[in-house]
Amino acid sequence: MEDADRQARWVRAVLLVFGLAGFELATWLGRLPDVRDAIDASTGAMAVLILGLAVGSIGGLTVAGRMLPRLGAPRCVRLAAAAIAVGLAWAAAGAAAGAPLAVIAAGLAVFGAGHGLCDVSMNVSGAAVERRRARPLMPWFHAAFSVGTLVGAGVAALLAAADVPLLAHALVVAAVGGAALARASRGFGEERAPVHAHGTDSAAAGSSAWRDRRTLLIGVVVLGMTLAEGSANDWLALAMVDGHRTSNAGGTAAYAAFVAAMTVGRLLGPAVLERFGRAGVVRGCAALATVGLLVLILAPGQELAFVGVVLWGFGASLGFPVGMSAAADDPARAASSVAVVATVGYVAFLAGPLLIGTLGDQVGLLDALGVVVVAVLLAGAVAGATRPPRHLA
């Protein structure tokens with residue numbers, strides 16, 4: 001009973017960390033219009049800030065694979081919480097003071113590094129408690145992140161509408177959110193891979209994870225399904241307005257429908273995974289996302305296009321969490337493998353919008369989404385890589 005209670009606390013702690021991570025990220029992203037106005041930035045200047053966040057995030061993912069085996073997930077989350085708080089306060093203070101772009105981008109690099117480290121740490125800990133409880137829980141954890149993002153974006157919108165200064169908002173979130181994130185991590189169970197004298201984890205760390213065939217194939221799954229999610233975040237609303245002639249509010253409603261479908265899909269994920277297994281679920285999600293995207297692209301009217309959006313949302317819901325669980329199957333190499341797969345996912349989030357936007361200028365946004373169809377089909381084709389290795393099954 002004591003062990004069951006400890007595992008239940010562990011699950012609650014991971015859910016809270018995922019939710020808080022989403023909330024803090026949305027705090028900054030939700031106030032980007034205020035940042036742009038505060039520093040009178042051009043689109044190119046805002047791209048520099050986004051690059052700072054991206055570089056920091058990838059840096060955090062990279063070091064996580066080496067730090068986790070040594071320190072364990074709870075300590076890594078506490079370090080990440082400090083970096084997130086410092087980076088958020090730094091970037092917001094720089095924007096409020098009209099500091100040079102390089103100063104704000106440096107703060108965002110710290111903020112992003114904290115998020116990258118937190119991302120790997122919470123996924124590794126989530127996968128560990130999955131193993132302990134012998135049931136798929138990762139979709140619930142990622143649903144918590146989605147909910148945290150929605151709440152954070154909603155709070156940001158309300159405070160922006162009430163003319164609450166960006167700096168005050170960011171400082172409160174940095175202090176309260178950072179403390180809450182660090183405290184929540186105390187509920188994590190301790191599970192770290194053994195460390196060799198040369199400083200790597202027991203099976204494969206750092207560069208060796210990039211040479212592991214199964215890890216790379218899981219990365220392909222995550223690449224395709226992350227592109228399906230990220231392209232909706234960046235382009236769905238505009239695609240509905242430009243391609244299906246909805247109003248601006250209609251485009252926003254379409255995006256809300258996508259997020260709602262994706263969140264529901266993640267909440268249903270554990271039951272679906274227990275029935276059909278990882279590979280079957282990834283193939284089913286790829287099929288749903290493909291059908292949804294094709295309906296959206298080819299639909300003659302707005303009503304049918306909304307049906308496509310909902311199918312797309314359900315299809316995009318489980319690929320990333322399943323990929324994280326699969327990457328962490330082997331506890332001895334979980335940190336390095338999750339770091340590799342998460343890095344591939346971040347690359348999709350970063351490069352996907354640029355690719356689709358560039359194509360959209362040439363052929364229109366709806367047709368440009370055909371790139372996502374190809375990526376999703378490829379993810380479905382290699383879904384078998386998500387099955388547990390035979391020696392761990």
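Nothing here was measured: the structure is a model prediction, and the numbers come from that model.
Glu130 places a side-chain N or O within 3.5 Å of a backbone atom of Met138 that can act as its donor or acceptor partner. A side-chain donor-acceptor contact under 3.5 Å links Thr290 to the backbone of Ala286.
Annotation: the span from Arg132 atom CZ to Leu137 atom CG amounts to 13.0 Å, rounded to 0.5 Å. Distance CZ/Arg31 to CG/Leu167: 10.0 Å, rounded to 0.5 Å. In this structure, CG on Leu101 lies 5.0 Å from CD1 on Ile39, to the nearest 0.5 angstrom. To the nearest 0.5 Å, the span separating OG1 on Thr149 from CD on Glu24 amounts to 11.0 Å. In this structure, CG in Leu273 is found 7.5 Å from OG in Ser325, a value given to the nearest 0.5 Å. For the atom pair CZ of Arg70 and SG of Cys76, the computed distance is 10.5 Å after rounding to the nearest 0.5 Å.
The shortest side-chain heavy-atom distance between Pro74 and Arg186 does not fall under the 4.5 Å cut-off. Within the 4.5 Å cutoff, the side chain of Trp10 has heavy atoms near those of the Ser125 side chain. The shortest distance between side-chain heavy atoms of Ser185 and Met122 does not fall below 4.5 Å. At a threshold of 4.5 Å between non-hydrogen side-chain atoms, the residues Asp3 and Gln7 count as touching. Side-chain atoms of Ile104 and Val48, non-hydrogen and from C-beta on, never get closer than 4.5 Å to each other. The closest side-chain heavy-atom distance from Val35 to Trp28 is below 4.5 Å. Contact check for Arg75 versus Met67: no side-chain heavy atoms found under the 4.5 Å cut-off. Inter-residue side-chain proximity for Leu355 and Val371 is flagged as met; some heavy-atom pair is nearer than 4.5 Å.
Residue pairs meeting the salt bridge (charged side-chain N to carboxylate O under 4.0 Å, His left out) criterion with at least one member in residues 318-327, sequence neighbours excluded, do not occur. Listed by first and then second residue, the salt bridge (charged side-chain N to carboxylate O under 4.0 Å, His left out) pairs involving residues 106-115 amount to none (not counting sequence neighbours). Among pairs with a residue in residues 244-271, those fulfilling salt bridge (charged side-chain N to carboxylate O under 4.0 Å, His left out) read Glu229-Arg266, at least two apart in sequence or across chains. Applying the ring-ring contact (aromatic ring centres under 6.0 Å, His included) rule to pairs touching residues 280-314 yields Phe258-Trp312, sequence neighbours excluded.
Legend: residues meeting ring pair (Phe, Tyr, Trp, His ring centres under 6.0 Å) with His142, ordered by chain and number and at least two apart, are Phe18, Phe320. Residues passing the side chain to side chain donor-acceptor pair (under 3.5 Å) test with Arg283, sequence neighbours excluded: none.
For Arg214, the CZ atom is densely surrounded, since the number of other residues' heavy atoms within 6.0 Å is greater than 12.
Screening Phe188, Phe145, Phe141 for a side-chain contact (heavy atoms from CB on, under 4.5 Å) involving Val17 leaves a single residue, Phe188. When each of Asp329, Asp330, Thr215 is tested with Ser337 by the rule side-chain contact (heavy atoms from CB on, under 4.5 Å), just one qualifies, namely Thr215.
Between Thr246 and Gly251, the shortest heavy-atom contact is OG1-N, 3.5 Å. Between Ala379 and Val220, the shortest heavy-atom contact is CB-O, 4.1 Å. Residue His115 comes nearest to Ala21 through the heavy atom pair CE1-O, 3.1 Å, listed as atom of the first residue, atom of the second, then distance. Heavy atoms only, all atoms of each residue included: Val77 and Ser121 are closest at CG2-CB, 3.7 Å. The heavy-atom pair separating Ala254 from Val309 by the smallest distance is O-CG1, 3.3 Å. The two residues Ala13 and Ala184 make their nearest non-hydrogen contact at CB-O, 3.3 Å.
A chain of hydrophobic side-chain contacts below 4.5 Å, direct or via other Ile, Leu, Val, Met, Phe, Trp or Tyr residues, connects Val291 to Val307. Linking ILVMFWY side-chain heavy atoms closer than 4.5 Å, directly or via other members, places Val374 and Leu365 in two distinct hydrophobic clusters. When the side chains of ILVMFWY residues are joined at heavy-atom separations under 4.5 Å, either directly or via intervening members, Leu378 and Val281 end up in a single hydrophobic cluster. Taking hydrophobic clusters as Ile, Leu, Val, Met, Phe, Trp and Tyr residues chained together by side-chain heavy-atom distances below 4.5 Å, Val241 does not share a cluster with Leu293. The hydrophobic clustering, which links ILVMFWY residues whose side-chain heavy atoms are closer than 4.5 Å, places Leu171 and Leu181 apart.
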Go through Ile218 and Val344 one step at a time and tell me if the side chain to side chain contact (heavy atoms under 4.5 Å, CB included) criterion holds. CA-CA 10 Å; Ile218 294 170; Val344 173; over 6 Å; no
Walk me through whether Leu25 and Phe111 qualify under side chain to side chain contact (heavy atoms under 4.5 Å, CB included). CA-CA 9 Å; Leu25 182 61; Phe111 181 66; 4.1 Å; yes
How far apart are the C-alpha atoms of Trp90 and Leu108, what are their side-chain angles, what is the distance that settles it, and do they pass the side chain to side chain contact (heavy atoms under 4.5 Å, CB included) test? CA-CA 8 Å; Trp90 178 347; Leu108 286 175; over 6 Å; no
Stepwise, does the side chain to side chain contact (heavy atoms under 4.5 Å, CB included) test hold for Val155 with His169? CA-CA 10 Å; Val155 170; His169 178 195; 4.3 Å; yes
